Amino acid sequence: MRVRCQTHTLPGVLDDALLADWCLRYLGAPFERVLFRSGFLSEVVGVELPGGLRAVVKARPFQPRIAGCLQVQAALARVGFPCPEPLTVATRVHGMTVTAETEVPGGSPLPPEAGAAPFAALLARLIGSAPAPAAVPELAPSPPWTGWDHPGRGLWPDLDEHGQDLNLAGGPEWADDAARRVRERLTSTPGRVRIGHGDWESQNIRWTGRDPLVVHDWDSVIAQPETAIVGLAAAMWPREEGPDAVTATVAQTADFITSYQLQAGREWDRREIRDAWAAGLWVRLIYARQEAAEGGSQQLDRLATEIDERLDHAALR
């Protein structure tokens, strides 16, 4: 989940000269041509190397947790999970973390009309295949949109992914009150920590028919209780990129949580189900608060129509 904010986009740092030097040092040859440039919170450049190898080079502000994310991605690629294979370790360039991975082109979104089951099954496969949190470098802190477990003293993370402090931004009291209840619940009922993906949205997953081709955005790896990982995904899974992108309805969230239990082969107890709903509410709340801080209201207005039902599912009313 990345709310696009006009004032906090990342400036370009991978000019052709720096990119050529970096490719020579870490990929063994300078690039022959640039295939594309894109990015928002990260700068992403597709390159073609001698011999036809195509790689995606990514630069983003340095965070120690990226080393752990990269190890998780590499471990999953080794066991056949559909993700790009990392080609380098995390390197440091002018205060940025720069990495490269194989390009996996093609595929298409799976329409939400297909239901939550394919998305839930793929997440269950990821969680079941991922290494234990203790086997990889530290993954904390969680990305802010997943960060109900943040270490800050305020209600919201000290800084979100755009560099803004939502604790200083105005917003409706009902949203802050709900977020406070979510944090109190989830921090008081810790569960077994697993590794998962904290941005489990349709825009990050491409399919060939109903078969998963590739999952992107591995900077969003998180280590949280399984119920929280699932709840975050359940609240956001249908979302594609664009100004009219929609999050999961209450019914779609319920479908995902139920489907995940079936795919994982274990029925959850009532506490686990309510914790999943609570985690999903966190991401919806911070999404709406970020939009409101930028002067928007679409997500906040939509959440206002669902808040009571979501609080009830989470047993927070």
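Here the structure is a predicted model, which means the values were calculated and not measured.
Side-chain atoms of T88 come within 3.5 Å of backbone N or O of A100 as a donor-acceptor pair. Distance alone, capped at 3.5 Å, is enough to place a donor-acceptor pair between the H150 side chain and the L155 backbone. A donor-acceptor pair is defined here as one N or O able to donate and one able to accept, closer than 3.5 Å; no such pair exists between the side chain of T208 and the backbone of D211. Here the side chain of E138 pairs a donor or acceptor atom with the backbone of A140 at under 3.5 angstrom. Listed for the W268 side chain is no donor-acceptor partner under 3.5 Å among the backbone atoms of R274. A donor-acceptor pair under 3.5 Å is formed between the side chain of T91 and the backbone N or O of V98. Side-chain atoms of S142 never come within 3.5 Å of backbone atoms of I222 as a donor-acceptor pair (strictly under, hydrogens ignored). D255 contributes a side-chain N or O that, together with a main-chain N or O of A116, makes up a donor-acceptor pair within less than 3.5 Å. E306 contributes no side-chain N or O that, together with a main-chain N or O of L303, makes up a donor-acceptor pair within less than 3.5 Å. For the pair E309 (side chain) and V250 (backbone), a donor-acceptor distance under 3.5 Å is absent.
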For side chain to side chain contact (heavy atoms under 4.5 Å, CB included), just list the numbers for W174 and L300, CA-CA rounded to whole Å, side-chain angles, deciding distance to a tenth of an Å, and then say yes or no. CA-CA 11 Å; W174 63 263; L300 197 65; 4.0 Å; yes

Pair M236-Y287, side chain to side chain contact (heavy atoms under 4.5 Å, CB included): steps then yes or no: CA-CA 10 Å; M236 301 299 295; Y287 188 3; 3.6 Å; yes

Determine whether R181 and L281 satisfy the following criterion, side chain to side chain contact (heavy atoms under 4.5 Å, CB included), listing intermediate values before the conclusion. CA-CA 10 Å; R181 297 185 200 189; L281 187 52; over 6 Å; no

Assess the residue pair W148 and Q224 against the criterion (side-chain hydrogen bond (donor to acceptor under 3.5 Å, both in side chains)); give the C-alpha distance rounded to whole Å, side-chain angles, the decisive distance to 0.1 Å, and a yes or no. CA-CA 10 Å; W148 57 266; Q224 291 190 5; 2.8 Å; yes

Mind running side-chain hydrogen bond (donor to acceptor under 3.5 Å, both in side chains) on Q290 and E161 for me, showing each step along the way? CA-CA 10 Å; Q290 287 176 318; E161 65 272 25; 3.2 Å; yes

Yes or no on side-chain hydrogen bond (donor to acceptor under 3.5 Å, both in side chains) for E272 and Q261, after CA distance, side-chain angles and deciding distance? CA-CA 11 Å; E272 291 173 304; Q261 295 171 69; over 6 Å; no

Could you walk me through whether V57 and F31 pass the side chain to side chain contact (heavy atoms under 4.5 Å, CB included) check? CA-CA 11 Å; V57 182; F31 69 89; over 6 Å; no

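To the nearest 0.5 Å, the span separating NE2 on H197 from CD1 on I127 amounts to 11.5 Å. Here the CZ-OH distance, from R266 to Y260, works out to 8.5 Å after rounding to the nearest 0.5 Å.
In this structure the side chain of W277 reaches within 4.5 angstrom of the side chain of R310, judged on heavy atoms. The shortest distance between side-chain heavy atoms of L122 and P82 falls below 4.5 Å. Residues P84 and H216 are in side-chain contact: their nearest non-hydrogen atoms beyond the backbone lie under 4.5 Å apart. The closest side-chain heavy-atom distance from Y26 to L87 is not below 4.5 Å. The shortest side-chain heavy-atom distance between I286 and P157 falls under the 4.5 Å cut-off. Taking 4.5 Å as the limit, some side-chain heavy atom of D275 sits within range of a side-chain heavy atom of L186. With a 4.5 Å cut-off on side-chain heavy atoms, W237 and P112 count as touching.
Atom CD of E267 has 12 or fewer heavy atoms from other residues, nucleotides or ligands within 6.0 Å. The number of heavy-atom neighbours closer than 6.0 Å to CZ of R37, taken from other residues, nucleotides and ligands shown, is above 12.
Using a cut-off of 4.0 Å between Lys/Arg side-chain N and Asp/Glu carboxylate O, D176 and R180 are scored as not salt-bridged. In summary, E291 and R302 do not engage in a salt bridge, as defined by a charged side-chain N under 4.0 Å from a carboxylate O. Classification of R206 and E240 as a salt-bridged pair holds, one side-chain N sitting under 4.0 Å from a carboxylate O. Ion pairing between D160 and R289 fails under the 4.0 Å rule for side-chain N and carboxylate O.
Across all non-hydrogen atoms, the minimal contact from C69 to V221 is SG-CB, 3.8 Å. Nearest heavy-atom pair across W145 and G198 is NE1-O, 2.9 Å. Of all heavy-atom pairs spanning T253 and A235, the tightest one is OG1-CA, 3.8 Å. Residue S188 comes nearest to E184 through the heavy atom pair OG-O, 2.8 Å, listed as atom of the first residue, atom of the second, then distance.
Taking the six-membered ring where the residue is Trp, the centroids of W207 and F119 are separated by under 6.0 Å.
Residues passing the salt bridge (charged side-chain N to carboxylate O under 4.0 Å, His left out) test with R65: none are found, sequence neighbours excluded.
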